[in-house]
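For reference, the structure is listed below as structure tokens.
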Amino acid sequence: MIFRTYHHKLTKIPDNYELVLDNKGYSNGYIYVDLTTGIPGYEPYLYNKMPDNSAIIGYVAWSSQPYVDGKVEILFYGQLGNYVIIDGRYHATSRDFLSNIYVTVGKGEGLVFDCTERTVTFPISTNIFYGNNVHAVKQEVVAVPTEQIKNGVTMQHAKIVYNLKDDTAKVVQNFEDIPNYITLGYLDTNIGFNEPYTKVVSNLPIKAINLPENLSFKFRSERKEKTYNILHYGYHNGVPHESKQAFLKSIEMGYDLDGDIVFTKDNIPILSHSNSTTTGLLERIRNLDGTEVTDVFDINNKTYDELCQYDWGIYMGEQYKGMKPLKLEDFFKLVRAYDCYAYLEFKTRLSNDNWEILRNLVNSYQVIDRIYWESFTDRFYNIKKLVWYMPNANISLITMDSMYQKDEFRSMLDQANTSTNVVTAMVASDMSVEKVKEIIDYGYQVDIWVANDRATVEKYSSLPISGWATDGFDAKKVYQDIISQ
């Protein structure tokens with residue numbers, strides 16, 4: 001079987017290759033392929049021992065009934081289709097869901113899901129992005145349900161499919177294959193296991209109408225936590241900044257992750273708060289022998305291998321000697337393995353090649369709803385590019401008192417809002433309560449950066465603050481204690 005990798009190259013998997021899925025005692029894992037040899041493999045999330053030159057092509061969850069959720073066509077036991085066989089049982093897959101397809105509508109609008117008729121209506125403002133192309137819906141299109149969907153008690157794992165040639169759409173069951181239609185997304189009406197109500201869930205920009213009283217609606221990417229802590233740089237009290245160890249400690253503490261991305265000369269994205277030795281990088285790297293670095297350079301002017309000629313951990317102690325810069329791909333593995341949220345700031349202007357690589361990594365590791373992409377307002381050009389390449393990407397726009405201009409900031413928030421993503425404001429703690437309230441009243445949630453003491457939390461305690469970026473201070477607990485009094 002041949003499949004397309006996220007590097008846009010075709011890799012051949014040997015014919016009739018049999019892959020043994022050994023969970024090794026862990027609950028979830030990756031199906032990957034070595035891009036050099038074409039040999040597939042399986043690795044539990046927590047092992048993270050995939051070959052460097054490999055691509056994830058699917059995922060396996062071993063719950064009460066294991067299932068595979070793959071993004072490519074995978075041949076199992078000689079059968080190519082919507083079902084795979086594990087332990088002698090059939091399990092549904094979503095092999096035809098294309099992760100580089102996004103749907104956007106005009107601001108304030110949405111695809112209209114009629115719960116009674118079980119139809120989905122696409123307004124004229126709908127755009128369907130696929131690869132580097134865009135398809136504009138020129139007239140209202142109604143996705144009609146198949147008989148199985150129309151007559152079913154619930155719509156479990158239904159999917160919405162679209163024919164780009166003749167502008168027709170259908171609502172079908174997940175295992176139904178409709179020739180000449182592409183899958184745009186999914187739609188569920190289901191009983192929540194951890195929530196006492198029935199809910200409608202979709203990853204598309206949908207507005208639901210004619211809902212029964214016991215039915216509610218929410219997007220998949222909506223967070224369960226109403227308030228959360230974000231650990232600035234990852235845990236860095238005696239641990240190298242933005243290292244795997246720093247992020248693992250952050251996860252252990254129950255904090256969201258926070259880091260910065262920079263691309264190397266050979267287009268490998270890494271985690272680093274500084275791009276240049278002139279802006280703080282010298283504080284966090286050493287020569288391999290432990291001596292201080294005197295070279296002057298920018299990260300994006302050196303290849304990844306050249307950057308590995310420096311030690312990225314020993315400045316925090318001998319126990320971290322030999323540490324290399326953390327690749328974004330390895331960071332995404334942590335996000336997937338621990339199902340956590342992360343904030344990533346753009347430190348430089350990205351090229352078109354950078355954006356392609358970034359989008360493909362996000363799609364490969366399926367972290368689109370787990371990452372909040374950050375940018376200061378003076379780098380808003382990155383947000384404009386992000387919205388084009390990944391309309392579903394969550395965005396956190398950073399401002400501070402010296403930057404903040406009300407009308408300009410509102411305009412940027414609105415430009416970042418595609419109606420298919422979540423947009424937040426990351427506000428410096430030097431901002432007045434009145435200015436922060438302006439942002440919240442305009443309709444956007446606010447995170448405070450940086451909150452390292454009770455006084456900062458008390459300053460904003462009269463407002464519905466969502467997130468608290470800290471250096472380890474438990475601002476969330478303090479905030480919840482204050483507002484509960």
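A salt bridge does not link R410 with D414: none of the charged nitrogens is closer than 4.0 Å to a carboxylate oxygen. Using a 4.0 Å cut-off between charged nitrogen and carboxylate oxygen, E252 and K249 count as a salt-bridge pair.
Side chains of D401 and K435 form a contact here, defined as non-hydrogen atoms less than 4.5 Å apart. Contact check for Y389 versus L350: no side-chain heavy atoms found under the 4.5 Å cut-off. Looking at V422 and Y372, their side chains come closer than 4.5 Å, going by heavy atoms from C-beta outward. Between M412 and I383, the closest side-chain pair of non-hydrogen atoms is not below 4.5 Å. Within the 4.5 Å cutoff, side-chain heavy atoms of F122 are placed close to those of I160. A heavy-atom distance below 4.5 Å is found between the side chains of T456 and D453. With contacts defined as side-chain heavy-atom distances shorter than 4.5 Å, the pair L344/F331 qualifies. The side-chain heavy atoms of D330 and L271, taken from C-beta on, include no pair separated by under 4.5 Å.
Once rounded to the nearest 0.5 Å, the distance linking CD of E434 with CD1 of I439 reads 12.0 Å. Atom CG of residue L463 and atom CD1 of residue I448 lie 8.0 Å apart, to the nearest 0.5 angstrom. Rounded to the nearest 0.5 angstrom, D256 CG and R370 CZ are separated by 10.0 Å. Between the OG1 atom in T264 and the NZ atom in K327 there is a gap of 9.0 Å [rounded to 0.5 Å]. Here CD of Q445 is found 10.0 Å from OG1 of T227. Values are rounded to the nearest 0.5 Å. Rounding to the nearest 0.5 angstrom, the gap separating the OG atom in S250 from the NE2 atom in H232 is 11.5 Å.
Checking F263, W373, F346 one by one against W355, the ring-ring contact (aromatic ring centres under 6.0 Å, His included) holds for a single residue, F346. Of the candidates I357, V367, L328, V367 is the only one forming a side chain to side chain contact (heavy atoms under 4.5 Å, CB included) with V362. Exactly one of Y233, F376, W468 qualifies for a ring-ring contact (aromatic ring centres under 6.0 Å, His included) with W449. That residue is F376. The side chain to side chain contact (heavy atoms under 4.5 Å, CB included) test with M390 singles out one residue from I395, I371, I368, and that residue is I368.
For the pair N354 (side chain) and S351 (backbone), a donor-acceptor distance under 3.5 Å is present. A donor-acceptor pair under 3.5 Å is formed between the side chain of N452 and the backbone N or O of D471. For D311 (side chain) and K321 (main-chain N/O), no donor-acceptor pair under 3.5 Å exists by modelled atom type. Between the side chain of Y304 and the backbone N or O of D266 there is no donor-acceptor pair closer than 3.5 Å. Side chain of D258 to backbone of I230: no donor-acceptor contact under 3.5 angstrom is found. Counting only distance, with no hydrogens or angles, the side chain of T277 and the backbone of F297 share a donor-acceptor pair below 3.5 Å.
If you look at Y442 and F409, their ring centroids are not closer than 6.0 Å. In this structure, Y338 has its ring center at least 6.0 angstrom away from the ring center of F247.
Residues Y460 and M431 approach most closely at OH-O, 2.5 Å, considering heavy atoms. For the pair G467 and D447, the tightest heavy-atom approach, listed with the atom from each and the gap, is N-OD1, 2.8 Å. Summarising the geometry of F380 relative to S375, their closest heavy-atom pair is N-OG, 4.2 Å, with the distance given to 0.1 Å. Taking both residues in full, the closest heavy atoms of C308 and P325 are given as SG-CD, 4.1 Å, listed atom of the first, atom of the second, then distance. The shortest non-hydrogen separation linking L257 to C340 is CD1-SG, 3.9 Å. Considering all non-hydrogen atoms of both residues, I299 and S272 come closest at CD1-OG, 3.5 Å.
There is a side-chain donor-acceptor pair under 3.5 Å between S276 and D298. Using modelled atom types, one finds a donor on one side chain and an acceptor on the other under 3.5 Å when comparing N352 with K385.
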TODO: For Y320 and V239, run side chain to side chain contact (heavy atoms under 4.5 Å, CB included): C-alpha distance rounded to whole Å, both residues' side-chain angles, the deciding distance at 0.1 Å, then the answer.
DONE: CA-CA 8 Å; Y320 301 112; V239 180; 3.5 Å; yes
- [ ] Could you please spell out the steps behind the side chain to side chain contact (heavy atoms under 4.5 Å, CB included) verdict for M323 and Q245?
- [x] CA-CA 10 Å; M323 183 176 289; Q245 288 82 349; 3.3 Å; yes
Task: Stepwise side chain to side chain contact (heavy atoms under 4.5 Å, CB included) test for L334 and K244 - done: CA-CA 8 Å; L334 292 178; K244 182 177 180 179; 4.1 Å; yes
TODO: Evaluate the criterion side chain to side chain contact (heavy atoms under 4.5 Å, CB included) for residue pair Y315 and H241; output intermediate values, then yes/no.
DONE: CA-CA 10 Å; Y315 74 97; H241 292 63; 3.2 Å; yes
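Within a 6.0 Å sphere centred on NZ of K459, heavy atoms belonging to other residues, nucleotides or ligands number more than 12. By the 6.0 Å contact criterion, NZ on K437 is open, its count of non-hydrogen atoms from other residues, nucleotides or ligands being 12 or less. Counting non-hydrogen atoms of other residues, nucleotides and ligands closer than 6.0 Å to NZ of K265 gives a total of 12 or fewer. No more than 12 heavy atoms of other residues, nucleotides or ligands shown are found within 6.0 angstrom of CD on Q405.
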